[in-house]
Structures are given as structure tokens and as C-alpha cells.
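As the structure is a prediction and not an experimental result, all values here were calculated from the model. Below, chains carry the letters A, B, ... as their sequence lines are ordered, and counting in each starts from 1.
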Number of protein chains: 2
Amino acid sequence: MLTKKVALGLSRNILTLNCDSILGCVIAARRFSENNFDILSDEKKNRKQLVILGTGWGSYSVLKNINKLKYDVIVVSPRNHFLFTPLLCSTTVGTLEFRSIIEPVRGVHFRNAQDFHLSSALSIDTKRKVVHCQSEIHPKKEYDIQYDKLVIGVGAVSNTFGIPGVTEHAFFLKELVDARNIRDRIISNFELATQPESSENDKDRLLHVVIVGGGPTGVEFGAELYDFLTEDVSRHFPVLQHKVKVTLIEGNKILGSFDKRLREYAEKKITKRKQFEILQAFVAEVNEENVILSDGTVIPCGLVVWSTGLSPRTFTKQLPFEKDKFGHIITDNKLRVQGISDESIFALGDCADIDVMPLPATAQVAERQGRWLAKYLNGQTEKEFEFSNMGMLAYVGGYTALSDFKPKALKFTGFHSWLLWRSAYLTRLGNWKLRLQVPVDWTKTFIFGRDISRF
Amino acid sequence: MLTKKVALGLSRNILTLNCDSILGCVIAARRFSENNFDILSDEKKNRKQLVILGTGWGSYSVLKNINKLKYDVIVVSPRNHFLFTPLLCSTTVGTLEFRSIIEPVRGVHFRNAQDFHLSSALSIDTKRKVVHCQSEIHPKKEYDIQYDKLVIGVGAVSNTFGIPGVTEHAFFLKELVDARNIRDRIISNFELATQPESSENDKDRLLHVVIVGGGPTGVEFGAELYDFLTEDVSRHFPVLQHKVKVTLIEGNKILGSFDKRLREYAEKKITKRKQFEILQAFVAEVNEENVILSDGTVIPCGLVVWSTGLSPRTFTKQLPFEKDKFGHIITDNKLRVQGISDESIFALGDCADIDVMPLPATAQVAERQGRWLAKYLNGQTEKEFEFSNMGMLAYVGGYTALSDFKPKALKFTGFHSWLLWRSAYLTRLGNWKLRLQVPVDWTKTFIFGRDISRF
């Protein structure tokens, strides 16, 4: 039992705690570890200023691994948390809750509140060594930040290929706010479909979900929809269950980056599902109630999720650095931006590409680059960045997944892969809070079903 | 261990499960209990149609306790969940998560998806026995629902007393979406205050929270702010901690409905806190950056939370029934609306008042009325509704609370009251999902602190 004394002591952040219980000690240790930056403030003040742009896989990985005794770190990002993207699809239907897959950047990695800026970088002045920023909350507020070393890890945006109506009517699946919008739309459509004024045509349209793009995100979103359909729609909206339809539109093969056998397994699994269809086609237009294909076919639908790859951000586009044909900033294999002679600017993740070693735009690549870059900046390595693919995982719904690892023997499908998928991601979650919450969410979903409340 | 068979079986809602484990049986039983409405569909079809307006304490309590063998129940509400309002304040700063205090209305209490309407009632035609409704998602869609019995439990809205600027600039604290907006504003203000462009004056303003109204909601919101300030701001924004200020404005005494000794304890406790102030004053205007008092004093602030009591909804106002001076629908002590001779319309909770027995507008009253009304409609009682106050609880922050129960001996303050407060609410939560999640949230907050991510 925790005594009142411990409880009150902690609440006031007194570190000389009455640790008369194991739990008390654990908590005290944790809180202390989070506050131990104070000891750094006595260090000599001639640390270099490292500015990191972004809080995605690459940037966050630099932040986590950088030696804060060597650098004063400033992070600039329009997002004050790190998002565990591989589980983002699970939040769209409520298998996991939104806050179960994010880690706040503040508090854990900073000495001062001012070392994190909820802002976007607008431009870089390489001569004055200054990043020009714009506040995310108050867009009129613009200001400069000085850097000695700069890490660009701003990621990318969804690629619409300039197709009309995509930006206005389709939902992307990149940020938590996207997942929240999708969840809200799904619930709203089901609610609307049950109302007396909805015709059979309305219902068919409202309950038709079109996913554009057959990469892992598109397929995993479809998988979550399938689970939602079989496990929850059947309970909450039994009369609507047979009305729901999911169409996955892909110009080529789905899961192109996976091993052929796994790909075929996924395709077979998905097409076997009565209300699921894979359509090999190209989208020409999206409007409020339809997707229009390049052959003129009109597909009425209530939700379009767009996941057809990436395109550089406006910020990346206007940077005065050399780019490849996709608009990625070109770096050498020490992640140094080409044309910057004094080794002051690095780029990594989805906004960059290594000239001699083009890599896929995945979380894994960005995370490994970040870890390597931190080591390099810490002076712990002189070797160039190297990458060997650890493998890939993808959930296909109904307690089955794909796992595609290097040795042939480790290419699994089915229930075992699903177990591997869950345990792999669980161990990769960045802190104990998430490692506690995610299994609680999974358990709740398994026992009680998903929450379809709308607010 | 649950086998794959059980897992897959459940996922397909097959009730003939391979229940080879205790957990499996528990889950199967739970799922079955949620699906047992099927057996009702064989019953004779001459059930009366009971329409319930609202999903708050009163209406939801009728829904939970009504005999579904006797009535076909239809619920009309702009909210498809029940909100456990006593814990709403805890979600504004992240002590609890939003979905931890709501129960979906669907799935649990209905046979058919069509028995719940995400709509608002616009008017009642007592002659045709029809409620005219408007879809919450698609405001152009309007339609009628027939009733044999009608329960009006639509609650009330926050009372602005017509003070200019309140609707536009202040935040209410009635629904989950209010709590989400407040949380977002608090985080945004802290983020903005740390940015280089913010002057000292900006910071003082941004971090000044004004609470208008000293009832339980205002005081409990202040209490949560206090915990947030001492436990989390100190960790995430240490330089800003001394800047934060909270002012509670109340025209009379705070917690007017509580016992004098408890009230004084709360007042002493709050005013002892360095950055907290109780101001006996009246508000004349609210604008984007200030609260202006009736004596002309201008109070710059970054957030105004308005909680000064209730006022009837537009729907209630236009109903052709007799009202009291506050605009409540007058009922007799069998909750029957006056002037309706055939006992077809009942009203309860914050939108109604019993002519001979005026009661406070609390969750407790509404919940007890709902339970009584269900019993009455079920034919289980002929007695009139009676109410004796069970007592009140209020959290005042820093692990202390007030508990005000009938016998003098049960008027507690301090840590013991806090324990009572937590356990009382925990046992009152409506289902096992919440009873699992709320303690998890409390544990997470205690060990890891509150989540200040913004999305």
C-alpha cells in the first residue's frame, strides 16, 4: 500500500521520498530519471547548438540517442509528440485508442521548456546558419533559430498526383488527426444509414469504403475495417452488416514490396472475404459522394482513404539543396546534405535520399538513420551508415498477418504471424506507459468490442 | 491460454464456443448477454412504443431499467453515448482519457440498430402522438417518430445570463467535446507561452485561467488544474510554473450547496494555494483576451471556463407545456407532464421540475427519477417518486476531497474523502470496460504523469 505521505510527496515533486514500498521506489526512480537534466545545467556552457526539424521516426530517433552533454538540442515540429505509425490504422476503428500510440516529446528529452518549439520551419539560411520558423498555434508569429548543426527530418506528405478532389474529399492516414477524422466519419455514416430518411441507395453509398493504394497502410486499414465489420458492426448494427462494402483500388499489385508468396496469400485472403474487393484501376477524380475511375466508372462511396505514397513537403521543395527526381534532398552515406562543406546540415527519413544507396521510405529506415546519426554526432562512430532490412510485417485482418524476414525460413503467414506482429510492435513501443496501455486496449477490444461513441 | 479456435470463433460471433478456459467462458457469457435480445424477437408484437428523448442521467437510467419485453424502446439523442459527468473535469487535463468515462448506448440496450437515432427532437405533436426529429449528422433530414409513451429527459444548457461574449469566447464544461476543447486550449497556451516571440505580458495572460462559477464543476475543474500545475507543469514547463494563475469568480459563496464546515475547508484549502484566487464579483463581458467585471476591472486571461448553472434548451422552451419560472417543465410527483390526461408524456432531470417537490439539478436526482420511472412504466410500483439526498462529493485537488452525507458523522474532508470520492465513482461506473480503464488511467497519471500531446 502506498501511504498518503508518498502520494503527497510525489505530487509535490519532492525527491526525498518516504519510499517504504517497492512501488514507491520504482516511481521515485522513474520521476527522478525524468528530472535528471538538472545535473546537466552545471556543465560547461560551450555546447554546440543542434537543431532538429521534425518529430517523426528519424528526428525522434536522433533526439533519443543524442548525447545531451555534448549538444544543446532544440526541436522544431508542428507536432509535440512522436507517433508510433505502424499502429495508426488500429486507431481508425478503435482497436487502440489515439493516445495509446503517442509519446510526448516534452518532459522526457529536454532540460528547458523552450527547447521544443511547436512550429514549422519555413526556410533555412545556410550563410547565417539560421532556421526561419512559424508558430503552429499563432501563424502570424515568425522567428529565427540559430544552429551549429542542423538535422532535417521533416518527412513527407501524401501524394495526390494532382488528382482533382483528393485533397478536399479523401482522408489521408498519416497523422492522429487523420485517424480521428476517419473514425468520426465511419461512425457518422453508420448512424446516418440507420435513420428513417436514408434510402437503400443512401445506405449502400454510406457504407461503401474505398481505399486507394494497396501498400501496407491501405491493406492494414482494410484489415482493421474487416475486424470492425465482423466483430462490432454485427453487434451494433446487425441489419447493416450485409450492406458494408470495401473496395481496394490499386494500379499494380497490392503489397508490392513483400515476398511473392506472402503477397499472394494476402490477396487470396482478402478476395475470399464476401464484402471485400480488390480493383486494379486508376482514379481520375474524387468528389463528395463518388470516386471516378480513369475509364469513367463512377463508384458511389461514403469514405475514401487515400494512401498512394509520398510527396515532398513545400518546405523541402523550396530548400536550396540538390534533390533527386522525387524531390528528396540528396545526401552522402554519412547523411550530409550535398553542397554543405562544413558538415553542418544532415537530412534523413522520408524527405531525404542517400545518393549511392536509395532506400525505401519506411519507419525502419528513418529510425536506423536517426540512431546512426546520433552516434555519429556523439563521436561514437566514424563508419558510414549501412542498412540491412530487418524485415516487414503487415496485418491482414481476422487474426492473421504477414511477416517477411530475410531468411526464407522466416516468411510466415497466418495466426503465428499475427502473434509475432503484436509482440514485435509491443516491444518496439517507446515507453512503459504505452507498453501498459496498448495491451489494455487490445484486451478491452477483445472482450468488450470497439467503442462507437461519437463526440 | 486462449486458443486460436476461441479467438477466431469469437471474432465471428459464433456462440458455440470452444470454452476450454475460464476467460473464454467469461467472454462468451458476456458476448451472449449482449446478444440475448434475439430471444425477444419471438415475443408478441403488441408492445407499446416508448420514445426516450436524451441520453443523460435521467433518460439513460430509464433505458437501462425499462422492461424491453413490455416496450419497444426508441431513443433520440444528439449523443450516442452516456457520459459519466462527475468525472468530466478529470478529462480536461488528462487525468482520465475521454473515452474512459463514456458508455455507448448502442449494442447494449437495443435489439435493432434503428432503435437509436442520432438526432435532436424539434417539437412534439401531442394530438398525433408524434415527435418531430432532425438528424444530427445531416441537418436537412427531418422526420417523425410515433410514440405511445414519451419520456423527455433532454437536460439543459449552460446559462450565460445573456452576458456578451460568453458564447463566443468562454468554454463550457458539459460535454466531452467541451473537455477536449479545454484540454487543447491549455496545451496550446503552454506551447505558445514557450515560444520566443511571447512577451512576459503574453505569458501572464496565456497562463491565467479564469473559472466563472463556484459550484462543484468550477471547483473541481480548479482542483484538476491545481494537480496538473503541481504534478505536470513542473516537469514539462518548469520555467512557466510560477507564471500560472487561476482565478475563480463567484458572486456568492463557493460550493453553496455543501455543509458550511466543508465549504469553509474548501475555501481555506484553495486560497492557501499561492497561485489561486477566489474573487467575489460579477462578470459583465468576455472578449478574446479578457474577462471584464461589472466594476470595470479588466482581467487578461488565456482561458475562460463558464459554469454558472443551467438554462432550458430551445426545444424545452417551445414545448406547449406548463413551465415554472426557470423554464422547467412542471410534472406531478409521478413525473407526468401537467395537462396531458392519458399519462403518455413524462419529464425528468434538468429539463423538468416536480411541482410539489423542487429538487436540485443534479445527476443523482435525474438518475433516481429515471430508475423510478422505469419501475413505474414496468408496472413494478404504484407509489409516487420520493427523493432523499444520498450526499455529495467534491474533489478539491491535492489528494483531498469533501464528502457531505446525511448523518453529521459522515461529513469528511481531506485524504479519506479523496479515497471515498475515487471509490464511490469507481463503483458507480456503468460497465466493466470503464471499471477496468479508469483505474488504469489513474495509475498511468500517478506514475507517468498526464499526456500533454496536442493533435
Side-chain angles (χ1 to χ4, degrees), chain A residues 4 7-8 11-13 27 30 34-35 79-81 97-99 102 104 106-107 112-114 116-119 135 137-138 141 143 175-177 188 191-192 194-197 227 230-231 234-240 398-399 415 432-433 436-437 440 444 446-449 451-455, chain B residues 4 7-8 11-13 27 30 34-35 79-81 97-99 102 104 106-107 112-114 116-119 135 137-138 141 143 175-177 188 191-192 194-197 227 230-231 234-240 398-399 415 432-433 436-437 440 444 446-449 451-455:
Chain A
K4 180 182 172 184
L8 291 172
S11 82
R12 286 171 199 144
N13 270 332
I27 298 166
R30 187 165 302 280
E34 289 173 357
N35 284 299
R79 195 175 79 181
N80 71 356
H81 55 269
E97 280 310 326
F98 302 123
R99 285 182 191 263
I102 55 180
R106 281 191 180 284
N112 299 313
Q114 289 91 333
F116 175 82
H117 295 243
L118 195 75
S119 297
S135 168
I137 308 162
H138 215 310
K141 301 212 169 180
Y143 57 91
E175 299 291 341
L176 221 43
V177 74
S188 296
E191 289 290 355
L192 200 52
T194 61
Q195 295 191 340
E197 285 296 288
D227 289 353
T230 48
E231 294 168 15
S234 55
R235 275 191 321 141
H236 297 300
F237 305 93
V239 286
L240 296 178
Y399 300 91
F415 185 68
W432 283 103
K433 188 176 176 179
L436 166 72
Q437 185 60 61
V440 168
K444 279 196 305 180
F446 187 67
I447 302 179
F448 307 108
D451 186 354
I452 55 153
S453 303
R454 176 178 181 269
F455 64 92
Chain B
K4 182 181 171 183
L8 291 173
S11 82
R12 285 170 200 145
N13 270 332
I27 297 166
R30 187 166 302 282
E34 289 171 357
N35 284 301
R79 195 176 79 183
N80 71 357
H81 55 270
E97 280 309 328
F98 302 122
R99 282 181 193 265
I102 55 180
R106 279 190 183 286
N112 299 313
Q114 289 92 331
F116 175 80
H117 295 244
L118 197 73
S119 297
S135 167
I137 307 161
H138 216 310
K141 300 213 169 177
Y143 57 92
E175 299 291 340
L176 221 44
V177 74
S188 296
E191 289 291 355
L192 199 53
T194 62
Q195 295 191 339
E197 284 296 289
D227 289 353
T230 49
E231 294 168 14
S234 55
R235 276 190 320 143
H236 297 299
F237 305 93
V239 287
L240 295 179
Y399 299 92
F415 186 67
W432 284 102
K433 187 175 178 183
L436 165 72
Q437 185 59 61
V440 168
K444 281 196 304 181
F446 186 68
I447 302 179
F448 307 109
D451 186 354
I452 55 154
S453 304
R454 177 181 180 269
F455 63 93

Would you indicate whether the side-chain heavy atoms of [Y] and [X] approach each other to under 4.5 Å?
X: B:Ile447; Y: A:Trp432; result: no
X: A:His81; Y: B:Asp451; result: no
X: A:Glu97; Y: B:Glu97; result: no

> What is the minimum heavy-atom distance between A:Asn80 and B:Ile452, and which atoms define it?
Replying inline: ND2-O, 3.0 Å

>> Minimum heavy-atom separation for A:Gln195 and B:Ser119, please, with both atom names.
In response: NE2-OG, 3.1 Å

> With distance as the sole test, does A:Arg99 use its side chain to make a donor-acceptor pair with the main-chain N or O of B:Ser453 at under 3.5 Å?
Replying inline: yes

> Can you check whether A:Glu191's main-chain N or O pairs, donor with acceptor, with B:Arg106's side chain at less than 3.5 Å?
Replying inline: no

> So which part of A:Glu197 gets closer than 4.5 Å to some heavy atom of chain B, the side chain, the backbone, both or neither?
Replying inline: both

>> Is A:Leu192 close to chain B through its backbone or its side chain, or both, or neither, when contacts mean heavy atoms under 4.5 Å?
In response: both

>> Pairing donors with acceptors under 3.5 angstrom, does anything connect the side chains of B:Lys444 and A:Gln437?
In response: yes

>> Just so I understand: if I count every heavy-atom pair under 4.5 Å between each of A:Leu436, A:Val177, A:Ile102 and chain B, which residue has the most?
In response: A:Ile102

